Amino acid sequence: MDNRKSMLIIDDDEKYAAELTSHARLCGDFLDVSYALDGEEGFRMFQLLKPDIIILDAVMPKLDGIGFLRRLKNFSNKKKPVIIMNSHSQLTSLLRTAAEYGIDYFMVKPQSYREICRTVYDFTAESEAADNNISDSKTDELEKNVTLFLRKLGIPAHLSGYRYIRSAIMMTSNDLSLLSPITKKLYPMIADTYKTTKCCVERAMRHAIGVSWKRGNKKLLNDIFGYSSDNHSIERPTNSEYLAMAVDDFRLRVKHGMLQ
């Protein structure tokens, strides 16, 4: 898999933009490199190409760097590109305004094309590593909270269904659409993760839920499912019902710090 980033250079100096583009292409660190000569053209190319990185000149005709940032801020886009502003000016007002509109890094002209490409590559690599560390930290925290929650539900950790239900809660906490229907989305995803079949996932979950129903914290079961400790004969919920109600309760408890 090619993990190199695409880049768009927006600068009204055509010689500079073309030569920087050529150098960036030749260095091999970037997947695709294009350039535009003003902010209007640059924004159209951004919408078309959706680059990972934008090197943006501050002063340009038609739409300057700040105008581009203002328009980008109002543009509905799931993934924000890394914005690196490139300018002769180091005015404090320019830096402050650019920062307010979300630039990630500021470079001062002139610099060699080689140094610019190296700076962009190093900065994006460091940013990606930091994002991955944050993501890993969030995943670890989620897994810790789900484990604590399952312990309260009374599901023994040695059961296969325990692992499947833990994965199900972690997956659906971030994407509730996986709960509807679980047989078409959630079961196959878990089965693929653990190299088993969706039928095995379903059966193992059903067994784990049965154990939880008998051994779990009665007050917690009552709070989540309406189960009364005085009525052991009540029919336990289906896998789908159990997961939907458990995930909903888990999300609320995490939000309000009620897992301890």
Side-chain angles (χ1 to χ4, degrees), residues 1-139 174:
M1 181 179 178
D2 196 334
N3 292 320
R4 291 177 299 167
K5 308 296 184 183
S6 59
M7 182 162 65
L8 173 62
I9 298 163
I10 308 175
D11 198 297
D12 65 326
D13 184 333
E14 185 169 5
K15 181 175 182 294
Y16 175 88
E19 290 181 354
L20 177 55
T21 298
S22 295
H23 186 89
R25 287 172 178 169
L26 288 172
C27 77
D29 289 335
F30 305 99
L31 179 63
D32 182 63
V33 187
S34 305
Y35 71 89
L37 298 178
D38 61 65
E40 289 284 0
E41 181 188 10
F43 195 79
R44 289 194 298 271
M45 290 183 66
F46 158 74
Q47 291 176 295
L48 177 66
L49 301 174
K50 296 180 174 58
D52 300 303
I53 306 159
I54 295 176
I55 297 182
L56 180 67
D57 189 19
V59 180
M60 295 181 292
K62 296 185 180 179
L63 185 69
D64 63 11
I66 297 301
F68 180 94
L69 292 171
R70 186 181 295 115
R71 187 176 294 184
L72 182 64
K73 188 174 183 179
N74 295 324
F75 181 73
S76 177
N77 189 42
K78 290 183 179 180
K79 182 183 177 183
K80 174 187 172 295
V82 172
I83 306 292
I84 297 176
M85 182 163 278
N86 200 12
S87 176
H88 290 289
S89 174
Q90 299 184 64
L91 287 174
T92 302
S93 58
L94 171 63
L95 294 174
R96 186 186 303 115
T97 303
E100 288 173 357
Y101 279 104
I103 68 161
D104 298 284
Y105 192 78
F106 190 91
M107 291 191 301
V108 181
K109 292 179 178 179
Q111 292 188 49
S112 69
Y113 300 135
R114 179 180 180 182
E115 186 60 30
I116 292 172
C117 290
R118 180 50 49 192
T119 298
V120 172
Y121 177 82
D122 289 345
F123 176 80
T124 52
E126 290 171 4
S127 297
E128 187 170 338
D131 289 343
N132 287 338
N133 288 336
I134 292 171
S135 178
D136 289 344
S137 176
K138 288 182 177 179
T139 299
N174 296 318

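Given the structure is predicted, the values throughout are model-derived calculations rather than measurements.
Contact between Pro81 and Pro51 at its shortest, heavy atoms only, is CB-O, 3.4 Å. Nearest heavy atoms, Met107 versus Val120: CE-CG2, 4.4 Å. Closest approach of Lys50 and Gln47 over heavy atoms only: NZ-O, 3.0 Å. Scanning all heavy atoms of the two residues, the minimum distance from Gly65 to Met60 falls at N-CE, 3.9 Å.
Taking CZ of Phe43 as the reference point, atom CG of Leu48 lies at 12.5 Å (rounded to 0.5 Å). Taken from CG in Leu49 to CZ in Arg44, the straight-line distance is 12.0 Å, to the nearest 0.5 Å. To the nearest 0.5 angstrom, Phe46 atom CZ is 11.5 Å from Leu56 atom CG. Separating the CG atom in Asp57 from the CG atom in Asp13 is a distance of 8.5 Å, to the nearest 0.5 Å. Expressed to the nearest 0.5 Å, how far CD1 of Ile10 lies from CG of Leu37 amounts to 10.5 Å. For the atom pair Lys62 NZ and Phe68 CZ, the distance stands at 15.0 Å (nearest 0.5 Å).
With a 4.5 Å cut-off on side-chain heavy atoms, Arg114 and Arg118 do not count as touching. Side-chain contact between Tyr35 and Glu14: present, with at least one pair of heavy atoms (C-beta onward) separated by less than 4.5 Å. The shortest side-chain heavy-atom distance between Phe30 and Ile53 falls under the 4.5 Å cut-off. Between Leu20 and Asp11, every side-chain heavy-atom pair lies at or beyond the 4.5 Å cut-off. Looking only at side-chain heavy atoms (C-beta outward), Arg25 and Met7 stay at 4.5 Å or farther from each other. Using a 4.5 Å heavy-atom cutoff, the side chains of Val59 and Asp64 are not in contact.
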Side chain to side chain contact (heavy atoms under 4.5 Å, CB included) evaluation trace for Ile83 with Ile54: CA-CA 5 Å; Ile83 306 292; Ile54 295 176; 3.9 Å; yes
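Note: His23 and Tyr113 have tilted aromatic rings, judged against thresholds of 30 and 60 degrees for the angle between ring planes.
Using a distance-only test at 3.5 Å, with no hydrogens or angles considered, no donor-acceptor pair links the side chain of Ser34 to the main chain of Leu8. The backbone N or O of Ser6 lies less than 3.5 Å from a partner atom in the side chain of Asp52, making a donor-acceptor pair.
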